[in-house]
Chemist: 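Here it is, the structure in full.
In what follows, chains are A, B, ... by sequence order, proteins preceding strands, each numbered from 1.
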There are 2 protein chains.
Amino acid sequence: MPIGVVNVRYLVLGLLARRPMSGYDIRRLLRSLGWLIGIPSSGSVYPALKALESQGLVTKEVTVRHDRPPRKVYSIGVAGKQALRQWASAPASASTLRAFVIRLMLASSMSPEAIVRYLQDRQSLVASHAETLQELVRRLDKMDDLGELLALDYGVAVARAELAWLDDTLVRLRETLPPEEVMGDVSAAPAAGDV
Amino acid sequence: MPIGVVNVRYLVLGLLARRPMSGYDIRRLLRSLGWLIGIPSSGSVYPALKALESQGLVTKEVTVRHDRPPRKVYSIGVAGKQALRQWASAPASASTLRAFVIRLMLASSMSPEAIVRYLQDRQSLVASHAETLQELVRRLDKMDDLGELLALDYGVAVARAELAWLDDTLVRLRETLPPEEVMGDVSAAPAAGDV
DNA sequence: AAGCGCATGTAAAAGGTTACATGATTAC
DNA sequence: GTAATCATGTAACCTTTTACATGCGCTT
């Protein structure tokens with residue numbers, strides 16, 4: 001199953017940040033998540049690990065075993081953690097749903113502030129997206145083209161659901177995280193209810 | 001902006017099925033849809049048009065204009081319509097959200113039965129996906145990993161919204177379409193509410 | 001005996017983006 | 001005058017998939 005357009009290298013690096021794993025482990029983990037992210041082919045995972053190692057971001061530990069191919073467990077290093085943090089904290093721009101999830105899963109590698117910022121950015125992005133779509137639906141309305149109508153309507157539905165989730169999650173997150181760390185003006189972000 | 005993993009060729013072909021357009025028109029249309037699909041680069045659209053033409057699926061009509069580059073409007077042909085219908089009616093397998101939308105937008109090139117089947121297939125696919133995710137959330141629960149928890153929760157939320165939309169839409173569609181054309185047992189499909 | 005899970009990898013091909021080239025017209 | 005829109009296209013590069021190679025142990 002294809003994973004789409006998202007540097008596998010960072011996904012792999014992010015997963016190694018949680019615990020040391022082999023290439024096989026990584027694929028298995030992703031497979032267990034089913035659809036959420038998809039399963040990158042071995043043809044992308046193994047080269048990614050190699051590249052990360054040669055970049056000095058991860059280290060390899062080989063366990064030789066008779067009969068079986070040697071198990072190669074990779075661990076993230078200091079440089080890797082830094083690179084990851086940098087990537088995870090970079091502005092997300094117009095990322096797709098899947099790209100969003102991938103980075104979301106790597107939340108543990110972000111500071112609480114970065115997580116909140118990430119969600120807030122997503123919020124305004126999706127909000128403006130939803131508005132655009134709704135404006136289009138309004139203009140279409142008449143029996144223009146069934147396919148376009150369906151697609152737009154679907155887009156609106158998904159975008160609304162995302163906004164609702166973002167709203168909820170930000171609230172929950174603020175309850176959990178230390179309350180002193182109040183971010184910049186949050187109330188400026190559009191609420192899910194009014195889109 | 002990347003469009004993800006979806007042969008641009010079929011997207012282009014599908015859009016030409018709606019009305020004759022130039023490569024520029026196609027990109028403009030997609031741009032107006034904002035986020036929903038994304039905007040394939042000219043480096044993929046123009047070659048796609050060429051390929052479609054050399055395959056005999058579309059025909060080109062050139063309008064020469066002084067000053068400006070000639071405007072090349074492509075129209076879908078009979079063979080093109082057939083190829084499109086065939087593609088649109090093929091089983092969707094584990095397609096991503098975006099791939100789903102793209103084909104959804106091409107609904108006008110499908111028979112009503114094919115549309116309903118498409119949505120039903122999506123329904124069972126998303127339902128099983130949602131179940132998997134929920135099972136994972138249940139097992140995780142404890143403070144395992146914030147990122148994974150967020151990602152799974154997000155996945156569940158989006159999947160539920162999709163199911164709700166599919167439910168709604170199938171109902172609306174059945175109201176609109178001739179009622180004689182009742183498909184195979186629909187009640188077997190899981191409802192959105194109980195997931 | 002066949003097939004799947006474990007476990008690693010490689011090479012070719014496909015598909016797409018990026019960046020460039022070209023050049024007139026319109027809006028600020 | 002400067003930027004954006006119109007309008008086409010090419011070539012190098014990057015990422016990813018596909019398909020293969022290898023081979024043991026366990027289950028059906």
Chemist: Is it the case that more than 12 heavy atoms not belonging to B/R31 sit under 6.0 Å from its CZ atom?
Modeler: yes
Chemist: Whole Å only: how far is the CE atom of B/M21 from the P atom of D/dA7?
Modeler: 14 Å
Chemist: What are the two closest non-hydrogen atoms of B/L84 and B/S109, and how far apart are they?
Modeler: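 It is CD2-OG, 3.2 Å.
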Chemist: Enumerate the protein-to-nucleotides 19-25 of chain D contacts in which both atoms are nitrogen or oxygen and the separation is below 3.5 Å.
Modeler:
from, atom 1, to, atom 2, distance (Å)
D/dG25, OP1, A/D67, OD2, 3.3

Chemist: Which nucleotide wins on minimum distance to the side chain of B/S41, given the candidates D/dT15, D/dG9, C/dT17?
Modeler: C/dT17
Chemist: Write down the distance between OH (B/Y10) and P (C/dA14), rounded to a whole number of angstrom.
Modeler: 15 Å
Chemist: Is the phosphate of D/dT8, meaning OP1 or OP2, less than 4.0 Å from a side-chain N or O of B/Y24?
Modeler: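 No, no such contact exists.
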Chemist: Just the rounded figure in Å: distance from P of C/dG15 to CD1 of B/I102.
Modeler: 14 Å
Chemist: Ion pair present between B/R71 and B/E61, side-chain N to carboxylate O less than 4.0 angstrom?
Modeler: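 Not counted as a salt bridge, because no side-chain N and carboxylate O are separated by less than 4.0 Å.
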Chemist: Taking only side-chain nitrogens and oxygens of B/N7, does any of them come within less than 4.0 Å of OP1 or OP2 of C/dA14?
Modeler: no
Chemist: So what does A/R65 hit on the nucleic acid, given a heavy-atom distance under 4.0 Å: a base, only sugar-phosphate, or nothing?
Modeler: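 Sugar-phosphate, no base atom in range.
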Chemist: Looking only at side-chain N and O atoms, does A/K72 come under 4.0 Å of OP1 or OP2 in C/dG9?
Modeler: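 For C/dG9, OP1 or OP2 has a side-chain N or O of A/K72 closer than 4.0 Å.
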Chemist: Ignoring the backbone of A/S44, work out which of C/dG16, D/dG9, D/dT16 is nearest its side chain.
Modeler: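 The nucleotide sitting nearest to the side chain is D/dT16.
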Chemist: Using side-chain heavy atoms (C-beta onward) and a distance below 4.5 Å, is A/L15 in contact with A/L30?
Modeler: yes
Chemist: Please state how far atom CD in B/E61 lies from atom P in D/dT8, giving the value in whole angstrom units.
Modeler: 14 Å
Chemist: Taking the cut-offs as 6.0 angstrom to the six-membered ring centre and 45 degrees off its axis, would you call B/R103 and B/W87 a cation-pi pair?
Modeler: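 Judged by the rule, B/R103 and B/W87 form a cation-pi pair.
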Chemist: Using five base pairs at each end to define the local axes, how bent is the helix from C/dA1-D/dT28 to C/dC28-D/dG1, to the nearest 10°?
Modeler: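 Comparing the axis at each end, I get an angle of 40°.
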Chemist: Compare the minimum distances between each of C/dT8, D/dT17, D/dG9 and the side chain of A/P40, then state the nucleotide with the smallest one.
Modeler: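 It is D/dT17.
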Chemist: Is there a side-chain contact between B/M105 and B/I37 in this structure, where contact means two heavy atoms from C-beta onward sitting under 4.5 Å apart?
Modeler: yes
Chemist: With respect to the phosphate group of D/dC6, does any side-chain polar atom (N or O) of B/R28 fall under 4.0 Å of OP1 or OP2?
Modeler: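 Checking B/R28 against D/dC6: at least one side-chain N or O falls below 4.0 Å of OP1 or OP2.
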Chemist: Are A/E135 and A/R139 ion-paired here, with the side-chain N under 4.0 Å from a carboxylate O?
Modeler: yes
Chemist: Salt-bridged, B/R172 to B/D167, with N to O below 4.0 Å?
Modeler: no
Chemist: Side chain of B/K50, heavy atoms from C-beta onward: which of D/dT15, D/dT10, C/dG9 has the nearest atom to it?
Modeler: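 The answer is D/dT10, which lies nearest to the side chain.
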Chemist: Are side-chain heavy atoms of A/F100 and A/V126 found at a separation under 4.5 Å?
Modeler: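 They are not in contact (no side-chain heavy atoms under 4.5 Å apart), so the answer is no.
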